[in-house]
Amino acid sequence: MYIDSHCHILSSEYDDVNEIVEDAVKNGIEKMINNGYDIKSSLEVIELSKKYNNLYAAIGISPDNVDQYNEKTIDFFQNLIDKNKIVAIGEVGLDYYWTTETKEKQKIVFSEMLKLAEKNKLPVIVHSRNAFEDTYNILKKYNVTGIIHCFQGSVETAKLYTKLGFLLGVGGVVTFKNARKLKEVVTSLPLSSFSSETDSPYLTPEPYRGSKNKPSYVIKVIEEIAQLKGVSTDVVIDTIDSNVKSKFDLN
């Protein structure tokens, strides 16, 4: 059975959430970690986790939504954790690709989200784009583990994250012909370093590029990892299942 460790199965992203979940189940996707990225989506992933047994809720404020953060945000999220089954703080992190104007606030929000995760002994799902140095230095300050979502760095960067106890999230990008650096990371590091994800509805793998991504396409990610590692898909499925369940309470 497959695991999609990072998706956004939300009514704002899909016309029919139920159809997407049913498609995933039909294709053997056992568990999906559904990531919020702001207040509204965090509330929705919680409600969806109550409706669907194979959807698990991760809540957070992503880098492009830091304007939603204020002095009441942490108490709001703590209340959600106290009253609901939350498996991770995510999607949180830093993104300097689109703008650096919010750089300082991003670092503040990221740090506060990590404090929340540490306090509640929850793993984190980290978004980091063009921000390795700050991401790494902030993560080192906290006793947290989890996944570096949509990992895009070098082999050297990958090893630094795994030494901190993080898995590297591998998604549809690994199937792209021009993803040389990511393919090198997958080839160079042991299978114990990775999780499989889709980032649905984004980053659709080959051969489905051009259409909206969905969790059932994580199968293509698994197949590409297996080919790069020279092992069977069953070996990849079993190893990634063990990797993810070692970080997240998916019972």
Plane angle bin for Tyr217 and Tyr208 - parallel if under 30°, tilted between 30 and 60°, otherwise perpendicular: parallel

Nearest-0.5 Å distance that lies between atom OG in Ser42 and atom CG in Asn84: 11.0 Å

Test side chain to side chain contact (heavy atoms under 4.5 Å, CB included) applied to Phe110 and Val66, step by step: CA-CA 9 Å; Phe110 184 34; Val66 293; over 6 Å; no

Under-4.0 Å salt bridge between Glu184 and Lys181: no

Parallel, tilted or perpendicular: rings of His8 and His149 (30°, 60°): perpendicular

Side chains of Lys103 and Asp134 in contact at under 4.5 Å (non-hydrogen atoms): yes

Working for salt bridge (Lys or Arg N to Asp or Glu O under 4.0 Å), residues Glu224 and Lys183: CA-CA 9 Å; Glu224 182 67 22; Lys183 291 177 190 289; 3.0 Å; yes

Nearest atoms (heavy-atom pairs only) where Ser195 meets Val244: CB-CG2, 3.8 Å

Side-chain heavy-atom pair Phe77, Ile89 within 4.5 angstrom cut-off: no

Within-4.5 Å side-chain heavy-atom neighbours: Glu156 and Leu160: no

Check: Tyr37/Asp64 side-chain N/O donor and acceptor closer than 3.5 Å: no

Any Gln78 side-chain heavy atom under 4.5 Å of Asn120 side chain: yes

Nearest heavy-atom neighbours spanning Val21 and Asn54: CG1-OD1, 3.8 Å

Hydrophobic cluster identity match, Val92 and Trp98, side-chain contacts under 4.5 Å: no

Other residues, nucleotides, ligands: >12 heavy atoms within 6.0 Å of Asn27 CG: yes

Evaluation steps, ring pair (Phe, Tyr, Trp, His ring centres under 6.0 Å), between Phe132 and Tyr161: CA-CA 10 Å; Phe132 165 72; Tyr161 278 134; 5.4 Å; yes

Nearest-0.5 Å distance, NZ of residue Lys220 to OG1 of residue Thr175: 9.5 Å

Contact summary for Gly165 and Thr145, nearest pair of heavy atoms: O-OG1, 2.5 Å

Separation between CD1 of Ile147 and CG of Leu168, rounded to the nearest 0.5 Å: 9.5 Å

Test item: Ile222 and Ser196 side chains (from C-beta on) under 4.5 Å apart, heavy atoms: yes

Derivation of the side chain to side chain contact (heavy atoms under 4.5 Å, CB included) call for Tyr52 and Asn34: CA-CA 11 Å; Tyr52 299 103; Asn34 203 15; over 6 Å; no

Distance-only side-chain donor-acceptor flag, Thr73 / Gln68, under 3.5 Å: no

Heavy-atom side-chain proximity of Val186 to Lys229 below 4.5 angstrom: yes

Value rounded to 0.5 Å, distance of CG in Leu55 from CD1 in Ile33: 10.5 Å

Thr239 side chain to Leu191 backbone, donor-acceptor under 3.5 Å: no

For Ser5 against Asn35, the heavy-atom pair lying closest together: O-ND2, 4.1 Å

Gly171 to Val221 - nearest heavy-atom pair and separation: C-CG2, 3.5 Å

Interatomic distance, Ile20 atom CD1 to Ser200 atom OG [nearest 0.5 angstrom]: 8.0 Å

Criterion side chain to side chain donor-acceptor pair (under 3.5 Å) on Asp234 and Ser232, from CA distance to verdict: CA-CA 5 Å; Asp234 285 343; Ser232 70; 5.1 Å; no

Expected output: side-chain Asp38 to main-chain Asn65 donor-acceptor under 3.5 Å: no

Full working for side chain to side chain contact (heavy atoms under 4.5 Å, CB included) between Cys150 and Leu203: CA-CA 9 Å; Cys150 193; Leu203 299 177; 3.5 Å; yes

Distance-only side-chain donor-acceptor flag, Tyr96 / Gln106, under 3.5 Å: no

Backbone N/O of Pro201 and side chain of Asn213: donor-acceptor pair under 3.5 Å: no

Residues Asp4, Lys31: salt bridge by 4.0 Å N-O rule: no

Side-chain touch Thr157/Phe151, heavy atoms, less than 4.5 angstrom: yes

Greater than 12 external heavy atoms within 6.0 Å of Lys83's NZ: no

Ring-face cation of Lys212 near Tyr14 (centre distance under 6.0 Å, axis angle within 45°): yes

Test: Lys105 cationic atom under 6.0 Å from Tyr69 six-membered ring centre, within 45° of axis: no

Straight-line distance of Leu182 CG to Gln152 CD, nearest 0.5 Å: 8.5 Å

Within 6.0 angstrom of Asp15 CG, more than 12 heavy atoms from elsewhere: no

Heavy-atom side-chain contact between Arg129 and His127 under 4.5 Å: yes

Charged tip of Arg209 within 45° of Phe176 ring normal and under 6.0 Å: yes

Heavy-atom closest pair, residues Ser211 and Thr204: O-OG1, 2.7 Å

Residues Ser246 and Asn243: side-chain donor-acceptor under 3.5 angstrom: no

